[in-house]
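Order of the sequence lines sets the chain letters (A, B, ...), proteins ahead of strands, with each chain counted from 1.
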Number of protein chains: 4
Amino acid sequence: MNRGRPRSGHIDQAVAEAVRELLGEHGYQPLSIDKVAARAGVGKAGIYRRWRSKAEMVFSVVVHGTRLVPPADTGTLRGDLAALAGHIVALLSAPDARAVVPGLVADIAADPALAERFAAEFIDRERAVLGEILDRAAGRGELPAPGDAAFAHALLLGPIFTYLFLSGGEPPPGLPDRLAGAVLAALGAKE
Amino acid sequence: MNRGRPRSGHIDQAVAEAVRELLGEHGYQPLSIDKVAARAGVGKAGIYRRWRSKAEMVFSVVVHGTRLVPPADTGTLRGDLAALAGHIVALLSAPDARAVVPGLVADIAADPALAERFAAEFIDRERAVLGEILDRAAGRGELPAPGDAAFAHALLLGPIFTYLFLSGGEPPPGLPDRLAGAVLAALGAKE
Amino acid sequence: MNRGRPRSGHIDQAVAEAVRELLGEHGYQPLSIDKVAARAGVGKAGIYRRWRSKAEMVFSVVVHGTRLVPPADTGTLRGDLAALAGHIVALLSAPDARAVVPGLVADIAADPALAERFAAEFIDRERAVLGEILDRAAGRGELPAPGDAAFAHALLLGPIFTYLFLSGGEPPPGLPDRLAGAVLAALGAKE
Amino acid sequence: MNRGRPRSGHIDQAVAEAVRELLGEHGYQPLSIDKVAARAGVGKAGIYRRWRSKAEMVFSVVVHGTRLVPPADTGTLRGDLAALAGHIVALLSAPDARAVVPGLVADIAADPALAERFAAEFIDRERAVLGEILDRAAGRGELPAPGDAAFAHALLLGPIFTYLFLSGGEPPPGLPDRLAGAVLAALGAKE
DNA sequence: TGCTAAACGAGACGGTACGTCTTGTCTTGCT
DNA sequence: AGCAAGACAAGACGTACCGTCTCGTTTAGCA
């Protein structure tokens, strides 16, 4: 039985909007709960009632906006992998994501509980999509064995992350295709 | 002509030691310039005279400790790549690095000037090592073409980073070898 | 309607006590807001929320302790003036006051807004008391004219201040009486 | 015999000039030894070799500029006193003095050694001038007794200081004359 | 209809860190 | 040995956040 006043939905909306605005204006690090509360016209308690930290709040707002990777079915494993890699590139190189990802990853890495949620909601979901793709390919006989989805995923996501956030440059134009090729080869696919 | 009192070397030493201690105790985020100064018995001005931010300070301390990747020459491309990958895994999965890397990467990403230095001193150096390895392999006829060192590097570093800092897990035991295989295949090496 | 959490009174108390202690220990100049906050077990923000500077804070604490000059009515103008002068001497030669007054006066002089408050709460109040005394004397026929309270006040306070804080000495024993005489003469009182 | 390089006179000049400029620009409190050294193109050591503190430095510069009170001889005690009072008013209400005096007095009061020098070089000198005036008057038969120069001086300087630095206002126009009258009366002069 | 419990906005609270400034001393190489 | 330059340890400055707390008010479901 729920007693007391139910939580008002408008807080979630107002906070989400304020977070997106502030991220767009100055990026992740200078964003503070105080500023979000002020901008959203919301009490800080209302925010802390919903999220335990800035990272959680931003994460939930950003996740909510980033709707699920579409499975994609191009008919060939190479095509599916390239499509998925292209999707990841698009996702991470959007201006918002560029501003948010490194800081968010750092805060997540420093908070085990949040790390688990992040892994479950982001990494595992992408891995599942990839697993589906690999299974489909195995069904078509393109793969000799089921294939390690986690490894394949690391082989796609890792280099993209490296280009975007570690080497300070842009992912080169043909990257998704080349990554797809690398995964194919690594999994021993019949070309 | 150098005017004025020269900078005292003992500050660099004391700060480096204090930074290493504090990183070991509580990780990157809770480390503050105030605490470093207090622990090192050094004025804050002395720190700000040398580094413009906590990230720069930690970076220079950490970089100084992390001496250059040894080239390695196992006789085969696969062996060289696996050795390099193993080296990167060892470097990044050391307890210190685990505590420092995500936060440091975030601060670096937020500071373009520092990003450039980081790319030059870390990424480019590893790429150069890798380029040497690839050239050697091309000389032995193991590679049909010179090979894109940046791409190969992303293919090695990215997945390791992903396993360590994004998926919240451990790199699986055979990872260096599998990554070496993936690079070989992606570069079209004669097995 | 009062919005937000109301200010807690215990801060004012704790700060006042800490200020008095620290003034007693080392005087005005070495007193810092940091030390007051630490001693009082109070956040610096709580202090800056109430006062804009160390001078304001000390002033309000000191003023609060220094309750109003009693009017005094000895029956004669000379007696009233001497009593008032004696009161001022006692006030300013208390050990606390000696330690605080010069520094506080300097900071007040450097801050016009505070200068106005100080003049209103200290000087004007003493002048009002003196005005009352002069009026009473005029009523008794001791004075030919109402008398310039500001001038009379300067004639009392100024020499005391000079002895205490400018000439580095002690006010001579009979000073209040001699000052009373000087004021009498200056105002053309019938002796 | 003087060993070593003799002190360069240009430092005293350059410092004096820099101090006067900086006092004129921002007043006493924000003036710092660093700024003086930088403005004067002088090393800080050179300053500390000459003066033990900012207060001493400013004091010596200001004193040096303020050449000795002229004795004045108007023929009557009242005239002499009024002239002296007028001189003090002029001295203390010059824009430079207004900016410097309260802060300087505070620092002097906090440093006993300096307090003594200040009393000797300023107060005692003015008292001596006043003593001469009183002696002259006694010689002319205007005074029944030699007269307490210290008291008379406090009666002149104190009220002026009060008007200028304590009550936040201007000394009223006829002040020197009224003060002269007060002193006359207080000393029991034959009018 | 009234009662009660929780959510709400606002903002104060004790702390901590920031990056800058000032103080008085020390250390260079030049004069 | 004095000098200009400037590094040094210490610590204060005023601001910004943190995460918690206390107000007075509002909004619901339960009695």
Distance-only criterion, 3.5 Å: show the donor-acceptor pairs between side-chain atoms of residues 115-122 of chain B and protein atoms not counting sequence neighbours.
{"residue": "B:Arg117", "atom": "NE", "partner": "B:Glu121", "partner atom": "OE2", "Å": "3.4"}

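Applying the salt bridge (charged side-chain N to carboxylate O under 4.0 Å, His left out) criterion to C:Lys44, with sequence neighbours excluded, gives C:Asp34. In terms of the salt bridge (charged side-chain N to carboxylate O under 4.0 Å, His left out) criterion, residue partners of B:Arg98 (sequence neighbours excluded) are, by chain and number, B:Glu170. Remark: B:Ala106 engages A:Gln29, A:Pro102, A:Ala106 in a side chain to side chain contact (heavy atoms under 4.5 Å, CB included) (not counting sequence neighbours). Every residue was checked against the salt bridge (charged side-chain N to carboxylate O under 4.0 Å, His left out) condition with D:Asp96, not counting sequence neighbours, and none meets it. Annotation: side chain to side chain contact (heavy atoms under 4.5 Å, CB included) contacts of C:Glu21 (sequence neighbours excluded): C:Glu17, C:Glu25, C:Arg39. Every side chain to side chain contact (heavy atoms under 4.5 Å, CB included) that A:Ala55 has, sequence neighbours left out, goes to A:Tyr28, A:Ser53, A:Leu104, A:Asp107, A:Leu114. Judged as a side chain to side chain donor-acceptor pair (under 3.5 Å), and not counting sequence neighbours, the contacts of C:His10 are C:Ser8. Here B:Ile11 pairs with B:Val15, B:Val42, B:Arg50 under the side chain to side chain contact (heavy atoms under 4.5 Å, CB included) rule; sequence neighbours left out.
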Base, backbone or nothing for each nucleotide of nucleotides 7-14 of chain F, written B, S, -, heavy atoms under 4.0 angstrom, 5' to 3'? BBBS-BSB
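Over its full length, the helix from E:dT1-F:dA31 to E:dT31-F:dA1 turns its helical axis through 10°, comparing axes from the five pairs at each end and rounding to 10°.
Per the geometry, CD belonging to D:Glu56 stands 11 Å off P belonging to E:dG24, to the nearest Å. Residue A:Ile47 contributes atom CD1, which lies 14 Å from atom C1' of E:dA7 at whole-angstrom precision.
Within residues 21-29 of chain C, no residue places a heavy atom under 4.0 Å from DNA chain E.
C:Gly27 and C:Ala99 get closest at one heavy-atom pair: CA-CB, 4.1 Å.
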